[in-house]
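Each remark here refers to the structure printed beneath this line.
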Amino acid sequence: MERKIIVTSALIYANAPVHIGHLVESIQTDVWVRFQKANGNQCLYFCADDTHGTPVMISAKKAGISPEQLIDRVHSQHLSDLKEFHIGFDNYYTTHSPENKQLSELFYSRLNEKGSIVKREVEQSYCPKCDMFLPDRFIRGTCPKCKSENQYGDSCDSCGSIYQSTELINPACATCGAEPVRKTSIHYFFKLADYQNQLKEIVSAGYTGKSVANKLEEWFSAGLRDWDISRDGPYFGFKIPGEENKFFYVWLDAPIGYVASCKNYCDKNELDFENLWNSGDYELYHFIGKDIVYFHALFWPAMLLGADFRVADKLFVHGFLNVNGKKMSKSKGTFIKAATYLKYLDPEFLRYYYAAKLTDGIEDIELSVDDFVGRTNSELVGKFANLASRSIPMLTGKLDSTLGELDGDGKTLIENLTAAKKAIMENYESLKFSAAVRQINALADEANRYVEQNQPWAMVKTDLEKTRTVLTAIINAVRILTIYLKPILPKYAEKVEKILNVENLKFADAEKLLVNHKINKFERLFERIDKKQVEKMIEESKDNCQPAAEIKNEDSIEPIAEECTIDDFAKIDMRIAKVLKAESVEGADKLLRLQLDLGNCQKEVLAGIAKAYKPDELVGKIVVCLANLKPRKMKFGVSEGMILAAGPGGKDIFVLSADSGVKPGQRVG
RNA sequence: GGCGGCGUAGCUCAGUUGGUUAGAGCAUGGGAUUCAUAAGCCCAGGGUCGUUGGUUCGAAUCCAACCGCCGCUACCA
């Protein structure tokens, strides 16, 4: 009987590009979804970008664009990267959507009606200059334990200790450098403890695997605390109904994004959302990493329960990715972006490698570069692709491209292959992909041994029809192995289907035989990895690993600022100035020291334009100077004003000038 | 400090309820081949299964302590 299944993988945060760590989960989920589909089940895969919160807001500010522009751009990058890895979403949406807003408000109002929301005053760090509350990650300072400088507000990278941001020595706002103050505000809290008993029931009914359930047991016995679900503005997110400057915390609307993505899909395809999500007709599973178990095993099901939505049947939790025995590292070049990988290597190699490593457990998985290269070349290329390559061209070249029938030995081989189907499918179903890959490899070994024992290359010289019989067995083996690998290698499977002149192989086809059938010309299925490609990829990752938002983009247009009056403008005294002298500043690579003639006075200005202009180019030039700017003491001297310029930065800075005729000292207005 | 997890060949990992000489792939060495993407086949070396005790006829497997790594959490049991 056909199963109906809805699957989600964790939403990807819109602050950075997709990297090979994200891909563990995308690939795990996609393989499982493709397995379900190839097994004749209906399976829908929903995901989205997680777009709200302070980090997105600040990244957008840094890039000089609006958060909406940032998340739009990142959304298309994410989706195209993931699609290149053949992640077959049925819908990849965004949390910044009307559906998500409406659902977030619905969840909130239902939770509120149940009395699960309370208000309470909290005291937090606040940056008076940026005019906003600061999450711990946006406070930097000296670690109170080991005195390392420039550490995050919650923990120290250097000694690993955990502390409160108030304990930091010399705390500073990460964006502007100002010292944060403590400030109180009313926050909304979700009373998680109200749902403790229901959550315990869900867990004991098998919501998670055993090791995660143990972890949850710890949390239960420690007691469930209220969860702070509001943030004060400015905050990029959804406004809390009835509030002017309060927003839902990003983690409130993020998981609702699963539901919103489903809703959006239903609306687009004229399906009944209630039936899909709430009726119980569909099995419902979330794939997540172990870092977000707390949210998905406690907050999220509690929210669903409180808002009268259906809770998922199971949580599938995986571990982290390590590369060469260590956490992914930007300095080592192992923090590899999906886009960088794609420049050098075939996405199916990574799919295969991850599948070969993934189990149903929460252990971290290890990507060892040497192992990756070795395994890809020996298994994917040497066993699977080569099995096709050593049989199919012989049939097309010497035997009219036509398969014959099987003899006794051939039948034995094929029966062994089909007999393994059940166990392989069970391993796919229970997320033991590594076991499935092992089994499939053993079958490929058997098929390669069969080739060796029958020596079609010798036989073809003496007995063509017997050779056809042998090749028919081998090519049927190729076909069955392809079926087994198809969830992992969809593109490879497509190529094989084309060569074998068959359509859309499914698991049900493993019992069928392809006999007396004409096939197409062979094409190479994979190219082996040259280790140099991997080295280049790692080399490139060493430099090129800035978050997407920090990459300057020339055509990004900053949104127009808040309205101001003519009086506001009058405060700003801009004057025409002539550059009398320009010199580089020793020890500073971005600054030039300019001597400006302002008609009745001169000013010395330090301008950050050294990357764009040489000193000589500026001498004699007419520029616009902000003349009444408070002088600022800098490391290299006092700057008495600033000159106006535009552009994204670096080499692309353009100093404003004026048409001929103006005189130094004239006011701009 | 507390709780949890992990520790099997140079590397990546299997090892089902305790049961013959602990397995696979990669890497290494040798051999026979040559259809194939320097692929495939056969053979070999390589492990005190973190350490030490215990339970048992029998332990990689169960128990305890310790060591090492990782995670959560913290002066509160």
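Model, not experiment: these values are computed from the prediction. First the proteins, then the strands, lettered A, B, ... as listed; each starts at 1.
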- Message: Would you say A:Arg524 places a side-chain N or O within less than 4.0 Å of OP1 or OP2 belonging to B:rA36?
- Response: no

- Message: Can you check the distance between B:rG4 and B:rA64, where both ends of the measurement are the P atom (answer in whole Å)?
- Response: 10 Å

- Does A:Glu540 reach the main-chain N or O of A:Thr340 with its side chain, forming a donor-acceptor pair under 3.5 Å? no

- Query: Would you call A:Asp509-A:Arg479 a salt bridge at under 4.0 Å N-O?
  - Reply: no

- To the nearest Å, give me how far apart CZ (A:Phe220) and P (B:rA77) are. 24 Å

- Message: If you assign each of A:Val451 and A:Tyr353 to its closest nucleotide in RNA chain B, which residue comes earlier from the 5' end?
- Response: A:Tyr353

- Task: Rounded to the nearest angstrom, tell me the gap between atom CD in A:Gln453 and atom C1' in B:rU33.
- Result: 14 Å

- Charged N-O contact under 4.0 Å between A:Asp407 and A:Lys411: no

- Report yes or no: does A:Arg351 contribute a side-chain atom to a donor-acceptor pair with the main-chain N or O of A:His86 at less than 3.5 Å? yes

- Item | Among B:rG25, B:rU33, B:rA74, the nucleotide that comes nearest once only the side chain of A:Trp457 is considered | B:rU33

- Message: Please give me every residue in residues 382-405 of chain A whose heavy atoms get under 4.0 Å of an atom in RNA chain B, ordered by residue number.
- Response: A:Gly382, A:Ala385, A:Asn386, A:Ser389, A:Arg390, A:Met394

- Message: Using the P atom as the point on both nucleotides, what is the distance between B:rU51 and B:rA59, in whole Å?
- Response: 15 Å

- Inter-nucleotide C1' distance (B:rA14, B:rG71), Å rounded: 25 Å

- Taking the six-membered ring of A:Tyr207, is the NZ or CZ of A:Lys314 close enough (under 6.0 Å from the centre) and on axis enough (within 45°)? no

- Note on the structure: Any stem touching RNA chain B, meaning at least three consecutive Watson-Crick or G-U pairs under 3.5 Å, ordered by first number, would be B:1-7 with B:67-73, B:10-13 with B:23-26, B:28-31 with B:41-44, B:50-54 with B:62-66

- Item | Matching residue for A:Leu471 among A:Leu399, A:Val460, A:Val451, A:Thr396 - test: side-chain contact (heavy atoms from CB on, under 4.5 Å) | A:Leu399

- Looking only at atom C1', what distance separates B:rC41 and B:rA32, rounded to whole Å? 9 Å

- Message: Does the structure place the NZ or CZ of A:Lys290 under 6.0 Å from the centre of the six-membered ring of A:Phe320, at an angle of no more than 45° from the ring's axis?
- Response: yes

- Query: Does one side chain, of A:Arg182 or A:Ser125, offer a donor that lies under 3.5 Å from an acceptor on the other?
  - Reply: yes

- Item | Donor/acceptor link under 3.5 angstrom from A:Glu379 side chain onto base of B:rG25 | no

- Item | Electrostatic pair A:Arg120:A:Asp228 at N-O distance under 4.0 angstrom | no

- A:Ile365 CD1 to B:rA14 P, straight-line distance once rounded to whole Å: 11 Å

- Item | Proximity to the side chain of A:Leu525 - top-ranked nucleotide from B:rU37, B:rA74, B:rC11 | B:rU37

- Query: A:Arg449 or A:Ala458: which one's nearest nucleotide on RNA chain B is closer to the 5' end?
  - Reply: A:Ala458

- Take the protein atom CG of A:Asn454 and the nucleotide atom C1' of B:rC41, then report the distance between them rounded to whole Å. 13 Å

- Task: Nearest whole angstrom, please: distance from the P of B:rG4 to the CD of A:Glu363.
- Result: 17 Å

- Do the charged groups of A:Glu426 and A:Lys422 touch, with an N to O distance under 4.0 Å? yes

- Task: Could you point out which residue of A:Tyr352, A:Tyr354, A:Tyr341 forms a ring-ring contact (aromatic ring centres under 6.0 Å, His included) with A:Phe85?
- Result: A:Tyr341

- Electrostatic pair A:Lys491-A:Asp346, nearest N-O below 4.0 angstrom: no

- Item | Minimum-distance nucleotide to A:Asp371 side chain [options: B:rG25, B:rC41, B:rC72] | B:rG25

- Item | Whole angstrom value for the distance that separates C1' of B:rU37 from CD of A:Glu523 | 14 Å

- Could you tell me whether a side-chain N or O of A:Asn454 sits under 3.5 Å from a main-chain N or O of A:Tyr450, the two making a donor and an acceptor? yes

Hey, what are the protein-to-nucleotides 67-71 of chain B N/O distances that come in under 3.5 Å?
none

- Using the C1' atom on both, measure B:rU17 against B:rC3 and round to a whole Å. 28 Å

- Query: Quick one: A:Phe433 CZ to B:rA14 P, roughly how many Å, whole number?
  - Reply: 15 Å

- Query: With a non-hydrogen cut-off below 4.0 angstrom, is A:Phe526 in contact with a base, only sugar-phosphate, or nothing?
  - Reply: base

- Message: What's the gap between B:rA22 and B:rU28 when it is taken at their P atoms, as a whole Å value?
- Response: 26 Å

- Quick check: are there more than 12 heavy atoms from other residues, nucleotides or ligands sitting under 6.0 Å from CD of A:Glu123? yes

- Item | Pairwise P distance for B:rA60 and B:rG7, with rounding to whole Å | 15 Å

- Task: For A:Lys383, check side-chain contact (heavy atoms from CB on, under 4.5 Å) against everything at least two apart and list the hits.
- Result: A:Glu379, A:Asn441, A:Ala444, A:Asp445, A:Asn448

- Query: Does anything in residues 464-501 of chain A reach RNA chain B, meaning a heavy atom under 4.0 Å, and if so which residues?
  - Reply: none

- Message: Taking salt bridge (charged side-chain N to carboxylate O under 4.0 Å, His left out) as the definition, give me every residue that meets it alongside A:Arg390, ordered by chain and number, with sequence neighbours left out.
- Response: A:Glu452

- Query: Taking the same atom, P, in B:rG18 and in B:rG58, what whole-Å distance lies between them?
  - Reply: 15 Å

- Query: Between B:rA39, B:rC11, B:rG25, which nucleotide gets closest to the side-chain atoms of A:Arg528?
  - Reply: B:rA39

- Message: Does A:Leu367 reach a base, just sugar-phosphate, or nothing at all? Heavy atoms under 4.0 Å.
- Response: nothing

- Distance in angstrom units between A:Arg438 CZ and B:rU16 P, rounded: 11 Å

